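Since the structure comes first, as structure tokens, the remarks are kept for the end.
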Amino acid sequence: MLDTINDLREKIENTLDSYITNLEESEKHEILQKKDEIVTNLMEGKFKDLGGLTAMRGFVYQYYVSMYYMLLMICPARESWWEAVVLEYFDDVTLIGEHKIRFIQVKTIKEEGDKNHQPNHFYKRKALDQAEDARSHFNSWVEKNVLNYDYFLESNLGEGINSSYEPQFEIVTNTKRNSLSALKKYTENINYKIKGEADGDADGNMEDAIKEDDVFKRAIQTPIPTLNYKFEDYAKKDINYYLTRLYINKFGSTRGLYDDILNMIEETVYVNDIRAKSIAEHIFKSMFAFVISNSHEDNEDKINKSELVITNGQISNLIQGWFIEAKELISESSYYDSAWAIFEATIGNLETEFKEQFANDFLKTELLTQLDWLNAHITASNRENSTYCVSILNKIFNGNNNLSIWDFEHGDIKSNLKESLRFIIYFMVFYESHSEVYHNAKMLFHEGKSDIIDNVLFTIYHARNKLNKVTSIEKIKSSLNECHISRQITLGLYCLLIGSKKDSKNPSTSKIAARFKITTNVDSLHKITDVPDHMKFVDVSDIEDFFELFKNEGIDLDSFKGIELLPTWKTYLDENVEKMKVTYIET
């Protein structure tokens, strides 16, 4: 594995080294200063982090172009004739089909401001003090582009290719659409066949379309100074042969190309739901990394030609694999970042807690059975309504049924939810049947029915240690009163208060705080004693104490629902309610 990572890093570094060779010194310096950071980001797929490096625009754009032509091979909504894309062996990108080959050179400008490529950029040569061969002096963009056909015929990949193999030449630029008006003949040559006056002749000759005063032809025919090398002496074809097949493609901006690639990916993998963009972005990221890892190797002895040639079958299989991978990653990520996952994890923790804490197997089984029911109910409800779990969180913690955004990674939401669900189980375990009721209310309601004691209706509110008891009770009263559904409830309603701040036990601190407390007109507020008769507030700490009694070994009890326990439970619950009333009055 380490060797694979090191090989990938070496390939990326070689690719960058090759890319910066022809850059301006300032741009080369910018990349070299941040080379380690760039390589690390590329290996980790953090391509957007490269956006701030203007010197990297050509690097990124070139590989976008490669990806674009790869996708064209397999995109059902687009047409193409090539069966393989070759990376940086002859030109930046080469397309190979059964009877055709296209050599593509990618040139970019800064996309900020009004700068555009100019015609002389395409035919300007770079003077060489030394050269490997005479053809190296013909190094303008156009010359290098068209001469790649000659190199192809001479290479191993070109073996067996005869003159009937039709070449095409393309220079891709991100210059603006309204630029290069002087090169209209080439920017409109989308069929790679410039038509001339004799185009209608029987022989189909196109070469007369390139006149002697053509700007490219004049530049190419100019001999190399002092050496008097002439293009036609070193090229396999006539100048006109190459130029009639040249297309200057004003491809568009980096952002536009990025969006087009994403659209092609979506068209290819047939995803129409809300996952489509995320899946396409994952495939894009994987494909970009793949292109880099298979790109230019500066050492000729190390070149693996099989890595440079990407076939339509290969890219189709790769995208299918990335597609499956993306779906699994999205499902996993969305699950663990979902309210439903928090509920499932919490129920799992409660199951472990009940198994470890309750020694009596009968009581333990009843609690676990109740927990299984709650889990099945939550699962079924969330499948029917995907926002169910989110609304329950809001009912428990906020006293409303809105769809607030929750941060499941931070805070105490998991422990607070477990505490809330534990008391739901504690309340329901005494009853033979139970159900969630008043689903559209602002708070969460459950009903328990028994043949031995009175039926029970209860709701819960978890203050998350943000409010004291009195303020929490006012919050519950307000939520119940503001809800048109709960306002109609006249049955006895137990309100379980969980997670409230503990009231001050030190009289001295209370007196100090009272000195600075703003006097309020009590008539303008709800008094704590104004609790409606049917609301019965319960301090869950006492409920916890009750269940602590049944956790230890030596408890001889077959069921929480037995006739010997239920009256005791009812009496204990009502005493708790009365004790809370006394507390409110004193407060």
Side-chain angles (χ1 to χ4, degrees), residues 346-347 349-374 396 415-434 444-463 465 469 472-473 476 491-503 505 531 534-584:
T346 300
I347 288 173
N349 291 336
L350 273 178
E351 180 181 4
T352 301
E353 183 180 292
F354 289 156
K355 287 179 178 178
E356 292 177 349
Q357 293 181 357
F358 285 84
N360 184 304
D361 288 337
F362 295 109
L363 302 184
K364 182 191 302 183
T365 299
E366 281 195 336
L367 289 167
L368 293 174
T369 299
Q370 193 61 60
L371 188 63
D372 286 342
W373 174 87
L374 184 62
I396 293 175
S415 59
N416 291 338
L417 180 60
K418 184 172 78 168
E419 191 176 24
S420 302
L421 297 186
R422 182 193 303 119
F423 286 109
I424 291 177
I425 298 299
Y426 280 172
F427 248 66
M428 291 195 298
V429 76
F430 294 102
Y431 299 89
E432 296 165 9
S433 64
H434 33 71
L444 180 64
F445 293 90
H446 282 89
E447 182 180 40
K449 295 182 178 181
S450 171
D451 293 333
I452 300 174
I453 58 174
D454 294 339
N455 297 340
V456 67
L457 177 67
F458 68 94
T459 186
I460 65 172
Y461 172 71
H462 199 303
N465 204 35
K469 284 184 181 179
S472 297
I473 290 171
I476 295 173
L491 299 173
L493 174 64
Y494 289 92
C495 303
L496 279 62
L497 180 58
I498 310 171
S500 59
K501 288 182 180 179
K502 292 186 178 181
D503 296 322
K505 300 297 183 183
V531 177
H534 72 289
M535 290 187 191
K536 303 176 181 181
F537 289 95
V538 178
D539 185 349
V540 295
S541 61
D542 286 347
I543 306 302
E544 187 69 72
D545 292 341
F546 184 89
F547 276 86
E548 284 292 329
L549 300 173
F550 298 96
K551 288 182 178 181
N552 299 326
E553 295 181 0
I555 300 297
D556 184 19
L557 186 64
D558 293 341
S559 172
F560 285 108
K561 301 175 178 63
I563 193 169
E564 62 271 28
L565 178 62
L566 285 182
T568 303
W569 158 249
K570 183 66 168 58
T571 300
Y572 183 85
L573 189 59
D574 289 342
E575 288 176 352
N576 178 282
V577 171
E578 291 302 316
K579 186 173 68 172
M580 284 288 285
K581 285 184 179 179
V582 173
T583 302
Y584 305 155

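Note that the structure is a prediction, hence the values are computed from the model and not measured.
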With the side chain counted from C-beta on, respond yes when [X] and [Y] share a heavy-atom pair under 4.5 Å apart, and no when they do not.
X	Y	value
R422	E419	yes
N349	T352	no
S559	E366	yes
K579	D542	yes
L565	F550	yes
H446	F427	no

CA sep, side-chain torsions, deciding dist, call: I460, V540, side chain to side chain contact (heavy atoms under 4.5 Å, CB included): CA-CA 10 Å; I460 65 172; V540 295; over 6 Å; no
Got a second to check how far [X]'s [atom1] is from [Y]'s [atom2], nearest 0.5 Å?
X	Y	atom1	atom2	result
L421	I498	CG	CD1	9.0 Å
E351	T346	CD	OG1	13.0 Å
M428	L371	CE	CG	9.0 Å
L367	F358	CG	CZ	5.0 Å
H462	N416	NE2	CG	4.0 Å

Check against salt bridge (Lys or Arg N to Asp or Glu O under 4.0 Å), K551 and E544: CA-CA 11 Å; K551 288 182 178 181; E544 187 69 72; 3.8 Å; yes
Ring centres under 6.0 angstrom apart (F547, F560): yes
Check: W569 ring centre within less than 6.0 Å of F546 ring centre: yes
CA sep, side-chain torsions, deciding dist, call: K469, D539, side chain to side chain contact (heavy atoms under 4.5 Å, CB included): CA-CA 9 Å; K469 284 184 181 179; D539 185 349; 2.9 Å; yes
Side-chain donor or acceptor of K449 paired with backbone N/O of N455 under 3.5 Å: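 The answer is no, because no donor-acceptor pair under 3.5 Å joins these two groups.
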Criterion side chain to side chain contact (heavy atoms under 4.5 Å, CB included) on C495 and Y461, from CA distance to verdict: CA-CA 8 Å; C495 303; Y461 172 71; over 6 Å; no
Does atom [atom1] ([X]) have a neighbourhood of more than 12 heavy atoms from anything else shown, all under 6.0 Å?
X	atom1	answer
I563	CD1	no
Y572	OH	yes
E553	CD	no

Residue pair L549 / I555: nearest heavy atoms and the distance that separates them: O-CD1, 3.3 Å
Smallest separation among heavy atoms of A463 and S472, with atom names: CB-OG, 3.5 Å
Worked check of side chain to side chain contact (heavy atoms under 4.5 Å, CB included) between K536 and Y494: CA-CA 5 Å; K536 303 176 181 181; Y494 289 92; 3.8 Å; yes
